[in-house]
Chemist: 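This is the structure I want to talk about, given as structure tokens.
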Amino acid sequence: MQKRSLGKQGFTASAIAYGAMGTAIGYGPSDDTESITAIRHAHDLGVTHFDTAEMYGWGTGEKLLGTALAPIRDEVTIATKFGFTPTFARNSAPDHIRAVVDTSLRNLGTDHIDVLYQHAPDPAVPIEDVIGVMAELVAAGKVSYLGLSNTDPDSIRRAHVVHPISVMQSEYSIFSRDSESLLPTLTELGIGLVAYSPLARGFLTGGVKPRDHYDVGDFRQGVGWWAPENFATNMTMVTRLTDLATRKNTTLAGLALAWLLARKDDIVPIPGSRNATRVAENIAAADVVLTDDDLARIQEIVPTGAIGDRGM
């Protein structure tokens with residue numbers, strides 16, 4: 001698979017990477033054996049970058065990913081994140097960062113983290129102090145590259161002064177366009193974008209169902225796209241996108257991922273699936289070529305994104 005350079009510090013990733021949140025939380029019951037099979041199949045098909053976080057099961061997700069990647073650790077890069085407590089309070093205090101990173105290293109079964117993100121800003125800790133500690137971890141050999149997630153252009157600029165930021169991780173898909181406000185800053189500073197929820201939390205997979213089909217603890221219960229007053233309108237857009245995908249001889253997911261790859265050459269989406277067949281379908285999107293007419297058609301169908309609040 002084609003590799004993409006993210007940032008100016010030497011970090012590269014496969015054009016399509018793998019997001020492991022769903023192996024631990026968010027999308028209903030999971031099966032570890034199935035998830036490990038999917039992760040290893042992704043690598044077999046060319047995926048080299050895998051993304052997790054402390055918050056994904058408070059160690060459960062990191063341990064599963066570490067187990068899955070142990071036989072091929074030297075062939076892949078791993079990203080994880082810090083910044084929350086189990087009550088979902090923000091915590092980027094220096095000692096907390098150091099403790100979380102040491103725990104993540106143990107959970108992942110590795111001696112270094114390739115990309116370390118602050119998961120979300122902490123109003124109590126200046127970004128300069130956060131990046132200062134992260135830079136210490138780079139100097140100590142525990143971390144290779146630095147990233148930020150869910151933040152704003154001013155914070156990105158302030159962070160980049162303290163230590164070069166290689167990647168920004170933000171939600172970005174045909175249905176979720178807020179991240180486009182970050183692109184000028186990222187381009188100016190030479191920072192890559194890792195796009196999470198590139199399939200709109202399942203809405204662009206071809207298998208979306210109304211809200212009442214999902215478990216009470218499912219992440220999508222709190223997303224306005226599934227609200228009864230919005231669902232039908234969003235499904236109309238999905239139907240039209242699916243028609244275009246069929247004409248392009250790809251799936252709806254393939255169209256959505258190809259759209260992201262066409263936006264900029266330093267954007268890498270991280271779709272996550274616990275199903276090996278679905279993983280293969282997602283990865284096939286790397287070979288889908290969208291013309292200017294195709295991109296214009298997508299823009300016509302979904303001018304500004306989905307209808308409803310995307311939640312958190």
Side-chain angles (χ1 to χ4, degrees), residues 15-19 21-22 25-28 51 120 149-152 168-183 186 193-214 218-248 250-264 267-273 275 278-279 281-286 288 290 293-312:
I16 293 177
Y18 184 94
M21 186 186 82
I25 62 168
Y27 293 96
D51 181 274
S149 182
N150 301 307
T151 194
D152 58 86
M168 171 70 191
Q169 185 171 140
S170 186
E171 181 169 357
Y172 192 21
S173 71
I174 293 174
F175 264 26
S176 180
R177 305 287 185 87
D178 291 350
S179 291
E180 292 181 342
S181 65
L182 300 173
L183 296 181
L186 300 182
L193 176 66
V194 168
Y196 75 79
S197 294
L199 301 180
R201 311 182 187 208
F203 225 111
L204 298 177
T205 62
V208 65
K209 298 176 181 178
R211 179 177 283 174
D212 58 10
H213 284 252
Y214 300 111
D218 193 292
F219 190 80
R220 289 163 286 198
Q221 291 289 352
V223 179
W225 302 342
W226 273 268
E229 64 271 22
N230 300 326
F231 188 78
T233 301
N234 289 330
M235 277 303 301
T236 297
M237 291 189 282
V238 165
T239 299
R240 297 174 68 192
L241 290 171
T242 302
D243 289 343
L244 175 59
T246 300
R247 291 198 296 274
K248 296 295 295 183
T250 187
T251 62
L252 174 62
L255 183 79
L257 294 170
W259 179 85
L260 278 168
L261 294 176
R263 304 300 280 175
K264 287 173 89 261
I267 292 177
V268 168
I270 50 170
S273 177
N275 180 280
R278 181 74 72 177
V279 165
E281 291 174 355
N282 291 342
I283 291 169
V288 176
L290 299 180
D293 286 345
D294 295 330
L295 296 172
R297 178 63 173 155
I298 292 169
Q299 183 64 26
E300 176 193 345
I301 295 169
V302 190
T304 59
I307 305 302
D309 192 325
R310 69 180 180 86
M312 296 300 292

Chemist: So do the side chains of Thr250 and Glu281 get within less than 4.5 Å of each other, counting heavy atoms only?
Modeler: no
Chemist: Identify the two heavy atoms, one from Arg297 and one from Leu244, that lie closest to each other, and give their separation to 0.1 Å.
Modeler: CG-CD2, 3.9 Å
Chemist: At what distance, to the nearest 0.5 angstrom, does CD1 of Ile301 lie from CG of Asp243?
Modeler: 8.0 Å
Chemist: Indicate the atoms forming the closest heavy-atom contact of Ala256 with Leu199, along with that distance.
Modeler: CB-CD2, 3.8 Å
Chemist: Which atom pair, heavy atoms only, marks the closest approach of Trp226 to Val208?
Modeler: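 Of all heavy-atom pairs spanning Trp226 and Val208, the closest is NE1-CG2, 3.5 Å.
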Chemist: Begin from the C-alpha positions of Ile16 and Val268 and carry the test side chain to side chain contact (heavy atoms under 4.5 Å, CB included) through to its verdict.
Modeler: CA-CA 6 Å; Ile16 293 177; Val268 168; over 6 Å; no
Chemist: Hey, could you give me the CD/CZ distance between Gln299 and Arg177, rounded to the nearest 0.5 Å?
Modeler: 5.0 Å
Chemist: For Leu257 and Ala285, work out which heavy atoms get closest and say how close.
Modeler: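 Closest pair (atom of Leu257, atom of Ala285, distance): CB-CB, 3.6 Å.
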Chemist: Is the side chain of Asn234 donor-acceptor paired with the backbone N or O of Trp225 at a distance under 3.5 Å, no angle test?
Modeler: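 Checking the backbone N and O of Trp225 against the side chain of Asn234, a donor-acceptor pair under 3.5 Å is found.
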Chemist: Once you measure the plane-to-plane angle for Tyr172 and Trp259, does it fall in the parallel (<30°), tilted (30-60°) or perpendicular (>60°) bin?
Modeler: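 The rings of Tyr172 and Trp259 stand perpendicular, inter-plane angle above 60°.
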Chemist: In Å and rounded to the nearest 0.5 Å, what is the CG to CE distance from Leu183 to Met168?
Modeler: 10.5 Å
Chemist: Over all heavy atoms of both residues, which pair between Ser173 and Ser197 is shortest? Give the atoms and the distance, please.
Modeler: CB-O, 3.6 Å
Chemist: Is there a side-chain contact between Ile270 and Tyr18, using heavy atoms and a 4.5 Å cut-off?
Modeler: no
Chemist: Kindly compute the distance separating CG (Leu295) from CD (Glu300), expressed to the nearest 0.5 Å.
Modeler: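 The CG atom of Leu295 sits 13.0 Å away from the CD atom of Glu300.
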Chemist: Report, as yes or no, whether the 6.0 Å neighbourhood of atom NZ on Lys209 holds more than 12 heavy atoms from other residues, nucleotides or ligands.
Modeler: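 Counting neighbours around NZ of Lys209, 12 or fewer heavy atoms of other residues, nucleotides or ligands fall under 6.0 Å, so no.
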Chemist: What closest approach, in Å, do Ala286 and Leu261 show between heavy atoms, and which atom pair accounts for it?
Modeler: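 Scanning both residues, the minimum pair turns out to be CA-CD1, 4.0 Å.
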Chemist: Does this structure show an ion pair linking Asp178 with Arg310, if we count only N-O contacts that are shorter than 4.0 Å?
Modeler: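 Yes, charged N to carboxylate O under 4.0 Å.
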Chemist: Rounded to the nearest 0.5 Å, what separation is found between the CD1 atom of Ile298 and the CG atom of Leu255?
Modeler: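 That separation rounds to 4.0 Å.
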Chemist: Does any part of the side chain of Phe175, heavy atoms only, come nearer than 4.5 Å to the side chain of Arg201, both counted from C-beta?
Modeler: no
Chemist: Do Asp51 and Gln169 get their side chains close enough for a donor-acceptor pair, meaning under 3.5 Å?
Modeler: yes
